[in-house]
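Notes for the one structure printed next.
This structure is a prediction, so every number in the text was calculated from the model and none was measured.
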Amino acid sequence: MPQLTTTTPPAPAPVKRSTLTKNQLPGWAMWAVLAGSLILGAALSSLIGFHIATWALFSALIYVAAGYFVTLSVEGARKAKDRFATNLVYAAFIVALLPLVSVIVTVLAKGIPGLTPHLLYYSMNGMTGTVDNETVANGTPVIGGVYHGIVGTLLITTWATIISVPIGLLTAVYLVEYSKGGTLARAITFFVDVMTGIPSIVAGLFAAAFFGLVFGPGTRTGFVAAVALSVLMIPVVVRSTEEMLKIVPNELREASYALGVRKWRTILKVVVPTAISGIASGVTLAIARVIGETAPLLVTAGFVNSINWNVFGGWMATLPTFIYRQLMNPTSPTNTDPSAQRAWAAALILIIFVMLLNLVARLIARIFAPKSGR
Amino acid sequence: MSKRIDVKDLNVYYGDFLAVEGVNINIDPKSVTAFIGPSGCGKSTFLRTLNRMHEVLPGARVKGEVLLDGEDLYGPGVDPVTVRSQIGMVFQRPNPFPTMSIRDNVLAGVKLNNKRISRSDADDLVEKSLTGANLWKEVKDRLDKPGSGLSGGQQQRLCIARAIAVAPQVILMDEPCSALDPISTLAIEDLIEELKNEYTVVIVTHNMQQAARVSDKTAFFNIAGTGKPGKLIEYSDTAVIFSNPREKATEDYVSGRFG
């Protein structure tokens, strides 16, 4: 009697299982499959000599396959495919995350012991192999630091930013606000795209060759390095700023024009302020992108062990080149441990810089974002 | 503070495409004129030529004359910026500047042009403009809050306050109520009625009742078909257009028998 069942309120839950939940795996089923996979994975792994990596790999493969077949047998083909795809997506996510986590863990583990006040406040000036040999022989703390590298990295990156931001910003303003899609605009867009993919060593060679031509061969200063880095930075700044300017609604420009405001004032006071949070965070990410460059710095800024505050004269050390030199040419060829420790600590400092820059980018985006409070 | 507009044989082009053809219209000062007509018939396009806003779009140009108290807006050497500071505009969607407070939005026309204004003058201007837009009572306690936090109707009235703060001669409104609810629409219509005492108001609307309620004169625009230019079919007193139009097309449109 269908009419009865539709009109009367549902009776108290019957003892038998609801028909709506049939062919459903209970909630613990997948955990059980996971546990089984882990055990089976461990067994398989020990067959070829137990290792945590093979254990994880075998368990994951078994879990994905078993999850599919268990679901297929109970819930049907559609659900099984769904389970399979979900598991694959999670697996891909974990695989993508592994190197990142591994890098951070390694750098933290190896970098923190070397992160001493001495490392932060002293340069490598006067550090010779003898000093490191004595340190190892006597078991005293490692001395010599990366102060000169921190100074160099900050100065060179700052100068690269000072060069690239105005150029990049104005290029983007031209592309979005003034160009009418003509040949010049298309040429700029094309070359910006090409520059985005330029290998960093090429940028370094360009800057070195250019300054070599103008100021004589072998000109290496922090400023040359800053120019090399800005070659890498400008396309990133142009691209991100362009995207941000494009999403400023046209209505705001029209509103400003309708008030009798000139175009350049509209851009300066309405368009750019509206997009400033995105522009600022794009610039910050561009800085983060170039702060770790090594190759262009080696050919443009040279390498020294002492502090140099002058970007326009003399060679300059930076964190990436410091790491490179400490690992490739340890201060003491016979006792490389102190150098390795300094290199890892410098790497940690570099990662901290990049992380700070990312945080700053988020902060800027939040501070400058158009308010919508009531 | 209001001027008359006389349009003579105006053609509007987008590139080679003739969008509006042969418009002749005389708009009296201190009156409300409504433009009605089906979508795509060029009434918004024509409205935008009245303060040279259509030039913002690439390829747009006009032939003919638009006279503001006898001076041609399209004469040689006329700066569109000067034109727009005399003929203000309110858009279809409320568009307060999201980076600015309510107060700064009202003062935008002054501040964006870097004109110097004393604090007390600015306060007076804000109060006068917001009062003129019937918004002062609602926002006077939160002038420093962002303009985007207001409701849609309030935002539109803020945009009107922003437009009248620069003391224009004429105010153009491009479907100012189409994004608003009936109550906000009523508030804007009341406001238009008051604005008429000081300004020349031209309004584009899709709502024929609205045209009948607020306007003194009504212009009916129509288009012969896709790809054909829009034309001004009939321009007369609002009462005539809605009760006893001269043209058959107008009668069909206002009585809902269109097409």
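For the pair B:N95 and A:P249, the minimum side-chain heavy-atom distance is 4.5 Å or more. By the 4.5 Å heavy-atom criterion applied to side chains, B:P80 and A:Y257 are not counted as neighbours. Using a 4.5 Å heavy-atom threshold, the side chains of B:P96 and A:L252 count as separate. B:N113 places a side-chain heavy atom less than 4.5 Å from the side chain of A:R265. The closest side-chain heavy-atom distance from A:L259 to B:R84 is not below 4.5 Å.
Electrostatic pairing of B:R48 and A:E254 counts as a salt bridge here, judged by a charged N lying under 4.0 Å from a carboxylate O. With respect to B:D104 and A:K269, no salt bridge is recorded, no charged nitrogen being found less than 4.0 Å from a carboxylate O.
Contact detail for A:A255 and B:R162: the closest heavy-atom pair is CB-NH2, 3.3 Å. Here the shortest heavy-atom pairing between A:S256 and B:L112 reads OG-CD1, 3.8 Å.
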Working note: B:F97 + A:T274, criterion side-chain contact (heavy atoms from CB on, under 4.5 Å); need CA distance, chi angles, decisive distance, verdict. CA-CA 8 Å; B:F97 297 122; A:T274 307; over 6 Å; no

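When heavy atoms are compared at a cutoff of 4.5 Å, A:T266 does not approach chain B at all. Only the side chain of B:V56 comes within less than 4.5 Å of a heavy atom of chain A; its backbone N, CA, C and O stay farther away. Using a 4.5 Å cut-off between heavy atoms, B:I87 touches chain A through its backbone atoms (N, CA, C, O) alone. Only the side chain of B:F91 comes within contact range of chain A, with heavy atoms under 4.5 Å apart.
Around atom OH of A:Y174, more than 12 heavy atoms belonging to other residues, nucleotides or ligands sit under 6.0 Å away. Summarising the local packing, CZ of A:F312 is surrounded by more than 12 heavy atoms from other residues, nucleotides or ligands at distances under 6.0 Å. Surrounding CG of A:L100 are more than 12 heavy atoms belonging to other residues, nucleotides or ligands, all under 6.0 Å away. Other residues, nucleotides and ligands contribute only 12 or fewer heavy atoms inside 6.0 Å of the CD atom of B:E71. Counting heavy-atom neighbours within 6.0 Å of B:R61 CZ, excluding the residue itself, gives a total above 12. By the 6.0 Å contact criterion, OH on A:Y90 is open, its count of non-hydrogen atoms from other residues, nucleotides or ligands being 12 or less.
Chosen from B:T82, B:D79, B:V83, the residue pairing most often with chain A at heavy-atom distances under 4.5 Å is B:D79. In terms of non-hydrogen atom pairs under 4.5 Å with chain A, the most contact-rich of B:R93, B:Q92, B:R52, B:Q86 is B:R93.
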